[in-house]
There are 2 protein chains.
Amino acid sequence: MNIAAKPACAPSELLARRLSSFRPLQADDLAPLSELGADDHAHAAGAELSLGQGETRLVTAGLVGEARLLSDGRRQIVALRLPGDILTPGYTANHVISALAPSRTLDATALLSRLGDPRAAPALHAAWAEARRMEQRAVLDHVVRLGRLSAYERTAHLLLELHERLVRVKLAQANGFQLPITQEIMADLLGLSIVHVNRTLQQLRREGLLTYRAGSIGLPDRTSLAEACGYALQLSPTEPGRRRAG
Amino acid sequence: MNIAAKPACAPSELLARRLSSFRPLQADDLAPLSELGADDHAHAAGAELSLGQGETRLVTAGLVGEARLLSDGRRQIVALRLPGDILTPGYTANHVISALAPSRTLDATALLSRLGDPRAAPALHAAWAEARRMEQRAVLDHVVRLGRLSAYERTAHLLLELHERLVRVKLAQANGFQLPITQEIMADLLGLSIVHVNRTLQQLRREGLLTYRAGSIGLPDRTSLAEACGYALQLSPTEPGRRRAG
DNA sequence: CGTTAGTTTGACCTGTATCAAAGCAGGTGG
DNA sequence: CCACCTGCTTTGATACAGGTCAAACTAACG
């Protein structure tokens, strides 16, 4: 039940969970996933991952970030990749992919090209397409956070998004999850200074909307938190596995 | 030579230009594009475009924006679509696609599904894949602008990006282009207030890095401008059609 | 020519950055 | 087992980029 360096479950199981969260899938739909080996590669926290041209890797544990570096040292993390997410090579020279916490990844180039083909595995393909859509959506949410939300809203919004994404791969509890990253990383994610991230987290705690210690985030009242930042919850606050009615 | 409401050229020619800017393409490679009719649909400035589920439209003239609306009226434009770009339905309820200037679009669902197939038209497919990559890259650039660049840098960075994108479809001059949008729209694009956009544009003008009147942008010194905001020019500043050596 | 939409200016305010220093671990070596 | 790093968090004081409010200016348009 956490994003540890040690894989909580087999890579294929992880992907199965994520894809099933988008489309109901039968056991035999999932068969192609079993081609994934268990030979994942470990990355220490902070290690940069370099993907070969055209290579696709599946994150199986930990937390990976894709960031853009500016010449004066500023950094913006443009995407967070959680277990079950995939990595593709960056677009520009200053685009770096690195493990934000001890992580594991696995080459999934072959499987992924199969998922992209509607003929090979229709059910998986549909679920995969939905997952891709969701990723697209997440980037745009990130744009809105950075462009139009206050520090307070940004932070709340991001935590809610992470929670929902982790629930899909069953790596979160109903009202909390592990987030083994420093406040500096949160700052680079949220486009804020470290100091301000710290103060914002304190405010959320003071208001009883957040608890955290030792990299463990608690969101005791996701409904209020969502209201406070305009986040549209996708999963029921009480039964996070279940899709919402509205 | 501008992004007017009247199409400057046939839709197929527009796509041909954009794709050719990514990969050299022969006349017969481009043949499949001719299936595009000329029956594009006009949209008044400000009009919202609603795409059917699964529908894909090609922008043939004007300027289209994809925005997210917040309940209190804040708006963030998450992507600008220029002639030669495509539109797909939004991901969320608050995602709206609207013409930012008088525009024209054309259904391209059939053609686009063909471009996605490597077997049907390999050369076009490769160019198209590259174009998609570039779009991805542009969104991430937008994230960096909003998250880590100052108002001044953001503005410069965006104008340079727009210029390069318009050059690809031959709708820009060597050092300028038409940008028929209000400063309010720029504000929603850049995550700034209208007033501050105005002041930032003035500063750029004062410094001789920008001229504009009547929706016409001039970038007399793209090299300096790029330096001022850390933009990595892709096209030669002197011969904007040609790929850069570095 | 009056109306309306957009731009520009000025005065003022506030959210967030910056700087600096003080706590607080957790790990290492003596 | 303590003393010491070293990296992270927290706090306080201060500065500034950019927001807000309000009004004047401009230009297009019927």
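To find a chain, count down the sequence lines: A is the first, B the second, and so on, and within it residues start at 1.
Look at NE2 on A/H196: it is 12 Å from P on C/dT18, rounded to the nearest Å. Atom CD in A/E184 sits about 13 Å away from atom P in C/dT18, given to the nearest Å. A straight line from CG of B/L192 to C1' of C/dT14 spans 16 Å, rounded to a whole angstrom. Here C/dT7 presents its P atom at 16 Å from CG of B/L204, a figure rounded to the nearest Å. Per the geometry, CG belonging to B/L190 stands 15 Å off C1' belonging to D/dG19, to the nearest Å. Put simply, CD1 on B/I181 is 16 Å from C1' on C/dA5, counting in whole angstrom units. Taking atom CZ of A/R213 as the reference point, atom P of C/dG26 lies 14 Å away to the nearest angstrom. In this structure, CD of A/Q203 is placed 10 Å from P of C/dT16, rounded to the nearest angstrom.
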Walk me through whether B/Y91 and B/E66 qualify under side-chain hydrogen bond (donor to acceptor under 3.5 Å, both in side chains).
CA-CA 11 Å; B/Y91 312 90; B/E66 305 203 17; 5.9 Å; no
Could you walk me through whether B/Q203 and B/T200 pass the side-chain hydrogen bond (donor to acceptor under 3.5 Å, both in side chains) check?
CA-CA 5 Å; B/Q203 189 184 346; B/T200 305; 5.7 Å; no
Show, in sequence, the C-alpha distance, side-chain angles and deciding distance for B/Q234 and B/R168, and conclude whether the side-chain hydrogen bond (donor to acceptor under 3.5 Å, both in side chains) test is met.
CA-CA 11 Å; B/Q234 296 155 51; B/R168 289 183 186 278; 3.0 Å; yes
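Taking 3.5 Å as the limit, the base of C/dG15 and the side chain of A/R199 contain no donor-acceptor pair of atoms between them.
In terms of modelled atom types and a separation under 3.5 Å, the side chain of A/S98 and the main chain of A/G46 share no donor-acceptor contact. Without hydrogens or angle criteria, B/S103 side chain to B/A99 main chain gives no donor-acceptor distance under 3.5 Å. Under a 3.5 Å cut-off, the side chain of A/R154 and the backbone N or O of A/R145 do form a donor-acceptor pair.
At the phosphate of C/dT9, OP1 or OP2 sits under 4.0 Å from a side-chain N or O atom of B/Q202. When the side-chain nitrogen and oxygen atoms of B/R154 are compared with OP1 and OP2 of D/dA17, none of them lie within a distance under 4.0 Å. Listed pair A/Q183 / D/dG7 fails the phosphate criterion, with no side-chain N or O lying under 4.0 Å from OP1 or OP2. Look at B/N198 and you'll find a side-chain N or O under 4.0 angstrom from OP1 or OP2 of C/dT8. Between A/R74 and the phosphate of C/dT18, there is no side-chain N or O to OP1/OP2 separation shorter than 4.0 Å.
Among the atoms of the strands shown, only primed sugar atoms or phosphate atoms (P, OP1, OP2) are found under 4.0 Å from some heavy atom of B/T182. Residue contacts shown for B/G46 are absent, as no nucleic acid heavy atom lies under 4.0 Å away. Within the 4.0 angstrom heavy-atom criterion, no nucleotide atom of any strand lies near B/R148. Using a 4.0 Å heavy-atom cutoff across all strands shown, A/I194 reaches no nucleic acid atom at all. Residue A/G215 is out of contact with every strand shown, counting any heavy-atom pair closer than 4.0 Å. Nucleic acid contact for A/Y152: none, since no nucleic acid atom lies under 4.0 Å from a heavy atom of the residue.
Toward the 5′ end of DNA chain D lies the nearest nucleotide of A/L201, the other residue of the pair B/G191 and A/L201 mapping further downstream.
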